[in-house]
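Heavy-atom basis, side chains included; hydrogens, waters and symmetry copies ignored. Sequence positions, counted from 1, serve as the residue numbers for this chain.
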Amino acid sequence: MDPQRLLEQFLGTGDGPTESGASRISGAGHGAGAGLGGMAGGLAAGGLLGLLLGSKKARKSVGKLAGGIVGYGGAAALGALGYRAYQQWQESQRASAGGAAAPAREADFLPDAAPAADGRPFELALVMAMIAAANADGHIGPDEQRTIFDQAGKLSLDAEAKAFIFDAISKPPSLGEVAGLASTPAQASELYLASRLAIDVDHPAERAYLEALAGRLRLPEDLVARLDTQAEMVA
């Protein structure tokens, strides 16, 4: 199984050009939502996340972003947004009296920088986080599952990757399971951000899920606010 390809296909960006190393995250960070333009185009083209979100979220975000820049993978775009928020938070901490923040490097926000806490590739953790968040209101019923499974079967993924998606959608991970996947502050930020992009913040149950996740991930309130700001630029 190729975890990066699974994540890109899940987001709907798997057929675009990709880059490797730190250049992926640096490039994806240029401009508000530059990399996520590719993600939105993927949603419009049938990415599984778009099906999971249904009309509630996809109609809000895809119309705004489908004309964005396609070229950077969704994985790098998520990392770029997470790093930007974390970097801004660090600067605010340094500026405050006695403030201190754990140092983070740009490379820490690459999805393949370190495995998740369960030992598996972090790309899989991001997929699990988005599936759990999209189902926070319990709307993924049998009919929706069948539609998603049919679409997943058409993706250019191997049998192991498809089985991973089927299992995660059939039994979405719990909030605690998602929070337990973070092994670094960078990963905690990215898990929150991925979940935030799969949430309708106007829905009480989904908003409550997101707030609880931030608490379980032990993210400072001001960092959460900056992550929310990054998400709002592209959602």
Side-chain angles (χ1 to χ4, degrees), residues 1 3-4 6-8 10-11 22 24-25 28-29 35-36 39 49 52 73-90 92-93 100-136 161 164-165 167-169 171-199 201 206-232 234-235:
M1 175 168 58
Q4 181 180 341
L6 188 157
L7 176 59
E8 304 296 357
F10 181 82
L11 294 170
R24 285 187 289 149
I25 193 168
L36 268 290
M39 183 186 296
L49 180 58
L52 279 169
L78 283 172
L81 293 178
Y83 176 67
R84 187 185 303 159
Y86 201 92
Q87 188 177 42
Q88 292 171 352
W89 175 67
Q90 282 187 312
S92 70
Q93 291 288 296
R105 300 172 304 146
E106 192 173 10
D108 293 336
F109 287 79
L110 289 169
D112 55 1
D118 64 357
R120 294 193 293 182
F122 187 61
E123 290 94 337
L124 303 184
L126 291 172
V127 171
M128 292 173 66
M130 287 184 279
I131 289 174
N135 194 48
F164 173 84
I165 291 175
D167 289 344
I169 292 174
K171 187 180 179 182
S174 67
L175 184 152
E177 289 171 331
V178 171
L181 293 171
S183 61
T184 67
Q187 289 186 349
S189 298
E190 287 186 77
L191 286 171
Y192 176 86
L193 182 58
S195 301
R196 172 64 171 76
L197 292 170
I199 285 283
V201 293
E206 297 187 41
R207 183 66 194 179
Y209 174 91
L210 195 64
E211 291 173 354
L213 179 63
R216 292 290 291 270
L217 289 168
R218 299 182 179 180
L219 294 172
E221 290 185 8
D222 47 352
L223 174 56
V224 170
R226 293 181 185 278
L227 291 166
D228 284 338
T229 297
Q230 293 298 319
E232 287 163 6
V234 297

Give the intermediate values and the outcome of side chain to side chain contact (heavy atoms under 4.5 Å, CB included) for residues R196 and L210. CA-CA 7 Å; R196 172 64 171 76; L210 195 64; 3.2 Å; yes

Side chain to side chain contact (heavy atoms under 4.5 Å, CB included) evaluation trace for Q230 with Q88: CA-CA 11 Å; Q230 293 298 319; Q88 292 171 352; 3.8 Å; yes

Using the side chain to side chain contact (heavy atoms under 4.5 Å, CB included) rule, take M130 and L197 through it: C-alpha gap first, then chi angles, then the decisive distance, then the call. CA-CA 8 Å; M130 287 184 279; L197 292 170; 5.9 Å; no

Given side chain to side chain contact (heavy atoms under 4.5 Å, CB included), test V201 with E206 step by step and report yes or no. CA-CA 6 Å; V201 293; E206 297 187 41; over 6 Å; no

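Of all heavy-atom pairs between L193 and A231, the closest is CD1-CB, 3.9 Å. Across all their heavy atoms, P173 and M128 have their closest contact at CG-O, 3.5 Å. For L213 against L191, the heavy-atom pair with the smallest separation is CD2-O, 4.3 Å. Between P172 and N135, the closest heavy-atom pair is CG-ND2, 3.4 Å. Taking all atoms of both residues into account, the shortest heavy-atom contact from A117 to G180 is CB-O, 3.1 Å. Heavy atoms only, all atoms of each residue included: A113 and A107 are closest at CB-O, 3.2 Å.
Rounding to the nearest 0.5 Å places OH of Y83 at 5.0 Å from CD of E106. Atom CD of Q90 and atom CG of L223 lie 9.5 Å apart (nearest 0.5 Å). For the atom pair CZ (F164) and CG (L124), the distance works out to 4.5 Å, reported to the nearest 0.5 Å. For the atom pair L126 CG and L181 CG, the distance stands at 9.0 Å (nearest 0.5 Å). Atom CG of L175 sits about 6.0 Å away from atom CZ of R216, to the nearest 0.5 Å. E221 contributes atom CD, which lies 11.0 Å from atom CG of L219 (distance to the nearest 0.5 angstrom).
Within the 4.5 Å cutoff, side-chain heavy atoms of S189 are placed close to those of F109. Side-chain contact between L81 and Y86 is absent, with no heavy-atom pair separated by less than 4.5 Å. Put simply, the side chain of Q93 reaches to within 4.5 Å of the side chain of D222, judged on heavy atoms. Contact annotation: the side chain of R218 never approaches that of P185 to less than 4.5 Å [non-hydrogen atoms, C-beta and beyond].
Between the side chain of D108 and the main chain of R105, a donor-acceptor pair closer than 3.5 Å is present. Q187 places a side-chain N or O within donor-acceptor distance of the main-chain N or O of P115, the cut-off being under 3.5 Å.
With no hydrogens or angles considered, a side-chain donor-acceptor pair links D228 and Y192 at under 3.5 Å.
Applying the salt bridge (charged side-chain N to carboxylate O under 4.0 Å, His left out) test to E177 and every residue at least two apart in sequence or in another chain returns nothing.
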